[in-house]
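Take a look at the structure below.
Naming convention: chains lettered A, B, ... in sequence-line order (proteins, then strands); numbering from 1 in each chain.
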Protein chains: 2
Amino acid sequence: MQTSDLIKNWLEQLQASGYRVTEPRRAIVELVATADHALSPIEIYDSGRREYPRLGLVTVYRTLERLEELGLVQRVHSPDGCHRYLRAFEGHQHLLICTRCGRVEMFAGDDLDPLARRVEQATGYQVEEHWLQLFGVCPLCHA
Amino acid sequence: MQTSDLIKNWLEQLQASGYRVTEPRRAIVELVATADHALSPIEIYDSGRREYPRLGLVTVYRTLERLEELGLVQRVHSPDGCHRYLRAFEGHQHLLICTRCGRVEMFAGDDLDPLARRVEQATGYQVEEHWLQLFGVCPLCHA
DNA sequence: CTTGTATTGAAAATCATTTTCAATTAAAAT
DNA sequence: ATTTTAATTGAAAATGATTTTCAATACAAG
Ligand SMILES: [Mn+2]
Ligand SMILES: [Mn+2]
Ligand SMILES: [Zn+2]
Ligand SMILES: [Zn+2]
């Protein structure tokens with residue numbers, strides 16, 4: 001899908017879910033849908049204001065909340081506790097984050113189900129969710 | 001090891017590393033070394049003040065920093081971004097956290113190396129670290 | 001175009017964490 | 001035991017991320 005189509009698609013999904021398509025939301029969606037790395041709310045705010053100067057940081061937070069609800073973006077947890085937001089990809093995916101530049105790659109194919117089942121057996125817990133992130137250095141940062 | 005020995009051991013390790021053994025540190029170590037679930041700084045502060053009423057929250061943060069440096073406690077990352085602290089166990093361990101009551105279990109035996117190597121091949125990244133947490137409901141919370 | 005309501009953003013509030021700094025205290029040196 | 005000295009402490013203020021409040025605004029339905 002073209003990025004322009006992706007943007008249009010996200011806006012349609014917002015509308016189809018009963019939300020309104022507004023200028024600030026347009027600016028935020030444009031940024032997040034086309035970004036190649038995970039963005040922090042402040043980054044989105046700063047870049048977004050170039051497109052739509054009256055944008056408020058509160059609206060950034062609120063819009064990201066909506067987009068997360070709709071499964072269009074996913075939260076990236078940083079070791080320091082802050083959050084970044086990234087376009088959600090299809091299927092079951094996890095993240096590989098460059099500790100130098102913040103670039104993010106997705107990967108699939110982890111099969112944690114056997115592990116989860118073994119842990120359930122051992123502990124009596126009912127495992128509901130798992131959280132897996134890899135950290136490393138991207139090829140571009142090897143120089 | 002008995003819990004009293006564990007406490008003594010931690011205090012000795014602090015001293016051996018050139019740190020002083022103080023009343024506030026004693027109170028914090030007592031709590032964290034014997035806790036059965038991950039504690040937040042505020043929880044440690046509140047409980048700690050019963051033992052040593054002049055305890056300051058700043059000291060809780062600073063002491064946890066020291067204990068983490070020494071490898072005695074480990075940080076637990078919550079979905080909301082806040083941190084809790086838990087006695088560090090031996091060897092390569094991961095966490096299973098009860099989403100209801102906060103109880104924490106450790107588990108070992110994940111073999112993520114094949115996955116990490118496959119992802120390295122696919123992306124060109126050099127994987128340095130992984131971060132795995134399971135979330136679920138503990139047996140006691142099934143009622 | 002009018003209307004009703006979702007949405008917005010400025011400002012203030014909240015919450016976790018860090019910094020500053022003068023007073024205190026543990027432990028090494030007398 | 002007393003002195004000395006640097007590490008440690010905690011109150012208060014600063015910081016940074018996120019949330020709440022609320023009156024003004026703008027989308028989209030009619
Ligand atoms: Mn997975
Ligand atoms: Mn592991
Ligand atoms: Zn990089
Ligand atoms: Zn539980």
Side-chain angles (χ1 to χ4, degrees), chain A residues 8 10-32 38-70 73 75-85 102, chain B residues 8 10-32 38-70 73 75-85 102:
Chain A
K8 208 190 296 176
W10 284 26
L11 295 174
E12 281 165 8
Q13 287 205 51
L14 274 172
Q15 200 148 45
S17 306
Y19 297 116
R20 292 182 182 172
V21 173
T22 66
E23 279 308 300
R25 280 178 180 168
R26 225 181 265 281
I28 294 164
V29 163
E30 250 173 62
L31 280 169
V32 181
L39 299 168
S40 67
I42 287 282
E43 283 169 353
I44 296 167
Y45 173 67
D46 288 337
S47 303
R49 295 188 74 162
R50 283 201 277 280
E51 177 78 13
Y52 180 72
R54 292 172 46 202
L55 180 64
L57 180 56
V58 202
T59 303
V60 173
Y61 277 98
R62 286 192 282 227
T63 301
L64 289 171
E65 214 175 302
R66 294 293 111 76
L67 294 175
E68 200 186 7
E69 277 168 27
L70 298 180
V73 306
R75 227 190 251 245
V76 179
H77 305 261
S78 303
D80 66 353
C82 297
H83 294 138
R84 298 176 156 272
Y85 293 82
Chain B
K8 209 190 293 175
W10 283 27
L11 295 174
E12 281 165 9
Q13 287 206 52
L14 273 172
Q15 201 149 45
S17 306
Y19 297 116
R20 293 184 181 169
V21 173
T22 65
E23 279 307 301
R25 279 178 182 168
R26 228 180 262 281
I28 293 164
V29 162
E30 250 172 63
L31 280 169
V32 181
L39 298 169
S40 68
I42 286 283
E43 283 169 353
I44 296 168
Y45 174 66
D46 288 336
S47 304
R49 295 187 73 160
R50 283 200 276 279
E51 178 78 12
Y52 178 73
R54 290 172 48 203
L55 179 63
L57 180 56
V58 202
T59 302
V60 173
Y61 276 98
R62 286 192 284 226
T63 301
L64 289 171
E65 214 175 303
R66 295 293 111 75
L67 294 175
E68 200 187 5
E69 278 167 29
L70 298 180
V73 306
R75 226 190 252 245
V76 179
H77 305 263
S78 303
D80 67 353
C82 297
H83 294 137
R84 299 176 155 269
Y85 292 82

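Residues in residues 49-65 of chain A take part in these side-chain hydrogen bond (donor to acceptor under 3.5 Å, both in side chains) pairs, two or more places apart or across chains: A/Tyr45-A/Arg49. The salt bridge (charged side-chain N to carboxylate O under 4.0 Å, His left out) analysis of residues 16-31 of chain B, with sequence neighbours excluded, yields the pairs B/Glu23-B/Arg26.
Nearest-nucleotide assignment on DNA chain C puts the 5′-proximal partner with A/Gly56, out of B/Val58 and A/Gly56. Both B/Arg62 and A/Pro24 sit near DNA chain D, but only B/Arg62 has its closest nucleotide nearer the 5' end.
Considering only heavy atoms from C-beta on, A/Leu67 stays 4.5 Å or farther from A/Tyr85 through its side chain. For the pair A/Ile44/A/Leu55, no side-chain contact is recorded, criterion being any heavy-atom separation below 4.5 Å from C-beta on. Within the 4.5 Å cutoff, the side chain of A/Leu14 has heavy atoms near those of the A/Leu11 side chain. Counting only heavy atoms from C-beta outward, the side chains of B/Val73 and B/Trp10 approach each other to under 4.5 Å. Counting only heavy atoms from C-beta outward, the side chains of A/Val21 and A/Val29 never approach each other to under 4.5 Å.
Nearest nucleotide to the B/Tyr61 side chain, out of D/dG10, C/dA16, C/dG9: C/dA16.
Counting non-hydrogen atoms under 4.0 angstrom, A/Leu57 reaches a base of the nucleic acid.
At its two ends the helix from C/dC1-D/dG30 to C/dT30-D/dA1 runs along axes set 30° apart, each axis drawn from five pairs and the angle rounded to 10°.
Put simply, NE2 on A/His77 is 15 Å from C1' on D/dA17, counting in whole angstrom units. Straight-line distance from the CG atom of B/Leu55 to the C1' atom of D/dT9: 10 Å, rounded to whole Å. Atom CZ of A/Arg66 and atom P of C/dA6 are 11 Å apart (whole Å). Atom CZ in A/Arg26 sits about 16 Å away from atom C1' in C/dT8, given to the nearest Å. Between the OH atom of A/Tyr52 and the C1' atom of C/dT7 there is a distance of 10 Å, given to the nearest Å. One atom, CG of A/Asp80, and another, P of D/dA17, lie 9 Å apart when rounded to the nearest Å. Here C/dG9 presents its C1' atom at 12 Å from CD1 of A/Ile28, a figure rounded to the nearest Å. The interatomic distance linking B/Leu64 (CG) with D/dT9 (P) rounds to 12 Å, in whole Å.
Phosphate proximity of D/dT8 to B/Arg25: present, with a side-chain N or O under 4.0 Å from OP1 or OP2. At least one side-chain nitrogen or oxygen of B/Arg54 sits closer than 4.0 Å to the OP1 or OP2 atom of C/dT25. In terms of phosphate contacts, A/His83 brings a side-chain nitrogen or oxygen within less than 4.0 Å of OP1 or OP2 of D/dT18.
Atom CG of B/Leu64 sits about 9.0 Å away from atom CG of B/Leu39, to the nearest 0.5 Å.
Listed by residue number, the members of residues 13-22 of chain A with any heavy atom below 4.0 angstrom from DNA chain C are A/Tyr19, A/Arg20, A/Thr22. Near DNA chain D, meaning a heavy atom under 4.0 Å from it, residues 41-51 of chain A has A/Pro41 in order of number.
B/Val60 approaches B/Pro41 most closely through the heavy-atom pair CG1-O, 3.7 Å. Of all heavy-atom pairs spanning B/Gly48 and B/Ala27, the tightest one is O-CB, 4.4 Å.
Judged as a ring pair (Phe, Tyr, Trp, His ring centres under 6.0 Å), and not counting sequence neighbours, the contacts of B/His83 are B/His77.
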